[in-house]
Every structure is written in structure tokens, then in C-alpha cells.
Amino acid sequence: MNYQFAQRINTLEASPLRENAKKNMASSSAISFAYGFPPTEAFPMAVLKEISQKLYTEADPESFLQYGASEGYPRLRTLIKERLQQLSAIDNEEEVLVVSGSTQAMDLAVKVFCNEGDVVLCEEQTFSGAVNAIKGYGAIPVPVPMDLTAESMDLDALETILKTEPRVKMLYLIPTFQNPLGTSMPLDKRKAIYELACRYDILIFEDDPYGELLYEGDPIPKMKTMDLEGRIIYAGSFSKILAPSSRIGFMMAAGPAMEKLILAKQSADSHTNFYWQVVLAEYMDHYDFEGHVAQLTLMYQEKYTRMLNALQALPSDKLTYIKPTGGYFITCFLATTVDSERFYDYLDEAKVAVIPGNIMSVAGKGYELSFRLNFTKPTLAQIDEGITLIGDALDYALAPAYEGVI
Ligand SMILES: Cc1ncc(COP(=O)(O)O)c(C=O)c1O
């Protein structure tokens, strides 16, 4: 059969993250700083086992094995809304749609709002899943340069694009503990970007899967708290605070947008895995879910501090990094004196996995000197060993002095 694929699928590439993951998982000795995975000990096995046992022995199978509502399990939707109010002061009349991971939130938003050729502005280095969702519907992801010192998109650059590009439909942002950069946009920048979005009448998609994992300082208000007119679609996830396999994410949007999102959800997969929705609601209703998140935060904070301390010991004329205040990642930058190819070759040999900057960028090139480190999955010992090996890779990769004829 000579398949004639639709154009939209030809623009997609296999997720470089997933491809890399397969390779590294096959290698047992690898120290992986690569993926945004929780460690095995983060999974609340005892509670999940107890809830599952109770469901299978005491509950009516109709209540957790039957088809469910596309909007999500009503009790879970209520609990998520209450949690958003309590933890993030997101207090509005908007409804919550339970989705299959926040990956699906972005997919549905693009499906509902973007025609082919529409532009979605993104932070220049960003989550590759979102870039693929944008491309998947024939929309165009356009990178906006970052002002890394300000931990924000460069507002002047953003405004210039908005002035000159009439096709912009949406702004995709990870304002808190950005992936891959680890930056958190300060409040004044959040307000300024919101104002620009209002002025140029575009939507904002606020992607916030890491937002609760704060290790230092005070939380910064979510952009969604500023939204009085349904301009922001807010997405969250339980992947990083419960289990990625639950595939439970959620999105909040104003009524007319929500109606269309639910339609899109129905045709995508009817509803999010109902069994997991019931398990999560049980967890939140009858066990100490917040205690679990607090415990996770402490566990990650220790790893975060360990990695920052280890990085601090590396020579700052060869490697710098952005110090995040929470989340899952630290992004490092090699000095221009470092030969990035030799650096990554050394890490490959030493079986230390990192995510090179190009993979997590809209353009796919030009970020050879940056790489992302995850600190939640490795053990403390692996963090020590892996960062020492990164130091060795720096030594190995120092570009030889120029010996040509001047
Ligand atoms: C910024 C960002 N958004 C969304 C996701 C997807 O999360 P989920 O497992 O909820 O689909 C990730 C996962 O790594 C992410 O980093």
C-alpha cells in the first residue's frame, strides 16, 4: 500500500524525548538527568493499593468501570476547582474539564481555536509536546526570544511580533518553573503580558504542570488569577504529583470556550480514564493527598539543593545555569569556549543522559550550548556522580586553541 499521509502528520517528528528515553532505558548503567519523571519512591503505593482494593471489593462496578461523562467525574471536577481556589486563589465561575494529561489540554485548545496557518507564539525554548500539538493542526509555532535575566519572554520582542503578525491566535506559556528553562516569570511581567494579550486580542494558554512544587521563596500568582474575561485557558496535571500513568490533567476555560473543548474531547477519546479519576477523587476525599504532595516537595527539594550545590562547584567560566525556585529542571549553558559536540560525546560515553537544548526549542537549532537537567528522578548519589562527570566532560570538551594562520 502506498500511503498518502495527510500533510499535518508529515510535519510531526517522533518525540525526541521519547526516542531518547527508549535508548537510555535500554542502558542499565545510565545516570539519567533526561526526563521529567518522578522517581519510583514518589508513588503512594500503599494508599493506591488500599483504594483499589476497596473499589474492587466494596464499590458498585458501575461507579468506576462504566463509561463516564466527557467533562470528567463530577466529584473530581469539584475537588479540582476547590483545590485551585485554595492553593492558587483561582476563584471564578469557570468550569473544569478533566483531560488525558495536560498534553491533551494543549491538543484540544489548538484543535478548537487554530486554523491552519494560525500562529501560536511560544517561549523560544519550550515543551516539545506543545510544539507538536500546534504543528499537528497545521498551526505555526513561532518562537519569542526570552529575556533570561528577567526570567520572562522579552516583552519588546513579543510586542513587535504582535504588531506585525496578524495571524497570532494564541500565546503558549509555561510561566512557573518553565520547561526546560526552570524560570518563573515575575508578577509584573505576567501582568504586562496579560495586558498585551488583551490589547492584541489573543488567547493565552497557561500550562502549569509543575506549579505546586515550590522549594524556595514565595509562590507567584498564576496568570489565570488576573483573567477577568476568559482570555486564559489554564491547564494543570497530576502527572508530577501523583503518577504520570494516571493521565489525569485538567483545563479551565470560560463557558463558550469550554463548550467547544468538551465537543473536541468527545471526539478525541470520550472521556479521561474513569477508573483513575475515581481513585484520585477517593484519595483527595478520604486520605491525605496534600500531605503526599508536601512529602514529595520535601523529597524534591533535597535533590534540587544537592544538584545546585554540585553545579556550583563547576567552573563558572565554562558552565552557567539558571537557578529555579521549584519544578523539575535546571537548564545549563556551556561557555562558547566549550566544544558542545565533544561535550555531548563524552557524556554519551560516560552514560550520562541530558536533554540538549535544541530538542526543547521551537526552532530545533541554535541551542547547542544549552542542556536541561532533571533532578527529581536520579538518586542523590547519582546527582553527585553525574554532575562530577559533567565537570569531566567540560574539561574534555574545551575547544583547542586556534592554531590556524591569522
Ligand atoms: C510544560 C509541560 N506541559 C505538559 C506536560 C505534559 O504533562 P502530562 O503528563 O500531564 O500530559 C509536560 C510534561 O512533561 C510539561 O513539561
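Any value given below was found using the heavy atoms of this structure, including those in side chains, with hydrogens, waters and symmetry copies removed. Remember, it's 1-based here, ligands and their atoms both numbered in the order they're listed.
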**Q** Give a yes/no verdict on whether any heavy atom in Gly129 is under 4.0 Å from an atom of ligand 1.
**A** no
**Q** In ligand 1, which numbered atoms sit nearer than 4.0 Å to a non-hydrogen atom of Asn179?
**A** 15 (C), 16 (O)
**Q** Of the protein's non-hydrogen atoms, which lies at the shortest distance from atom 13 (C) of ligand 1, and what is that distance?
**A**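 Going by distance alone, atom 13 (C) of ligand 1 is nearest to Lys240 NZ, 3.5 Å.
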**Q** Tyr328 and Tyr300: ring pair (Phe, Tyr, Trp, His ring centres under 6.0 Å), yes or no, with the steps?
**A** CA-CA 8 Å; Tyr328 258 48; Tyr300 295 157; 5.6 Å; yes
**Q** Considering heavy atoms of the protein only, find what lies nearest to atom 12 (C) of ligand 1 and give residue, atom and distance to 0.1 Å.
**A** Phe127 CZ, 3.5 Å
**Q** So is Tyr210 touching ligand 1 or not, going by heavy atoms under 4.0 Å?
**A**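 Yes, Tyr210 has a heavy atom closer than 4.0 Å to ligand 1.
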**Q** Which bit of Ser102 is near ligand 1, meaning a heavy atom under 4.0 Å away: side chain, backbone, both or neither?
**A** both
**Q** What part of Tyr328, side chain from CB on, backbone N/CA/C/O, both or neither, has a heavy atom under 4.0 Å from ligand 1?
**A**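 Neither part.
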**Q** For ring pair (Phe, Tyr, Trp, His ring centres under 6.0 Å), just list the numbers for Phe329 and Tyr210, CA-CA rounded to whole Å, side-chain angles, deciding distance to a tenth of an Å, and then say yes or no.
**A** CA-CA 10 Å; Phe329 307 112; Tyr210 306 99; 5.5 Å; yes
**Q** Checking Ser270 against Lys265: is there a side-chain donor and acceptor pair closer than 3.5 Å?
**A** no
**Q** As a quick check of understanding, evaluate salt bridge (Lys or Arg N to Asp or Glu O under 4.0 Å) for Asp201 and Arg231, giving each step before the final call.
**A** CA-CA 8 Å; Asp201 197 20; Arg231 186 172 295 286; 3.1 Å; yes
**Q** Can you see whether Gln125 engages Ser370 through a side-chain donor-acceptor pair at a distance of less than 3.5 angstrom?
**A**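 Yes, a side-chain donor-acceptor pair sits under 3.5 Å.
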**Q** Taking a cutoff of less than 4.0 Å between a non-hydrogen atom of the residue and any ligand atom, is Gln104 in contact with ligand 1?
**A** no
**Q** Can you name the atoms of ligand 1, numbered from 1 with element, that are less than 4.0 Å from a heavy atom of Arg247?
**A** 8 (P), 9 (O), 11 (O)
**Q** Tell me yes or no: between the side chains of Ser100 and Asn273, is some donor less than 3.5 Å from an acceptor?
**A**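 The answer is no; no qualifying pair exists.
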**Q** Please check if any side-chain donor atom of Tyr275 sits under 3.5 Å from a side-chain acceptor atom of Ser52, or the reverse.
**A** yes
**Q** Angle between ring planes, Tyr215 versus Phe375, binned at 30° and 60°: parallel, tilted or perpendicular?
**A** perpendicular
**Q** When you measure from the centre of the six-membered ring of Tyr35, is the NZ or CZ of Lys377 closer than 6.0 Å and no more than 45° off the axis?
**A**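 Output no; distance or angle outside limits.
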**Q** Non-hydrogen atoms of Gln178 versus ligand 1: any pair closer than 4.0 Å?
**A** no
**Q** Here's a test for you: under salt bridge (Lys or Arg N to Asp or Glu O under 4.0 Å), which of Asp392, Asp395, Asp339 qualifies with Lys318?
**A**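 Checked Asp392, Asp395, Asp339 against Lys318; only one passes salt bridge (Lys or Arg N to Asp or Glu O under 4.0 Å): Asp395.
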**Q** Identify the closest protein heavy atom to atom 3 (N) of ligand 1: which residue and atom is it, and at what distance?
**A**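 Going atom by atom, the protein heavy atom closest to atom 3 (N) of ligand 1 ends up being Asp207 OD2, 2.6 Å.
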**Q** What protein heavy atom is closest to atom 9 (O) of ligand 1, reported as residue, atom name and distance in Å?
**A**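 Atom 9 (O) of ligand 1 sits closest to the protein heavy atom Ser239 OG, 2.6 Å.
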**Q** Taking only heavy atoms of Pro209 into account, list the atoms of ligand 1 that are under 4.0 Å away from them.
**A**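 What qualifies from ligand 1 is 1 (C), 2 (C), 3 (N), 15 (C).
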**Q** For ligand 1, is there an N or O atom under 3.5 Å from any N or O atom of Thr103?
**A** yes
**Q** With heavy-atom distances below 4.0 Å as the criterion, list the atoms of ligand 1 near Ser237.
**A**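 Near Ser237, the atoms of ligand 1 are 8 (P), 10 (O).
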**Q** For ligand 1, does Met106 get within less than 4.0 Å through its side chain, its backbone, both, or neither, judged by non-hydrogen atoms?
**A**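 No part of Met106 is near ligand 1 at this cut-off.
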**Q** List the steps and the verdict of ring pair (Phe, Tyr, Trp, His ring centres under 6.0 Å) for Tyr234 and Phe205.
**A** CA-CA 6 Å; Tyr234 176 84; Phe205 188 100; 8.9 Å; no
**Q** Could you tell me, atom by atom, which parts of ligand 1 come under 4.0 Å of a heavy atom of Ile174?
**A** 1 (C)
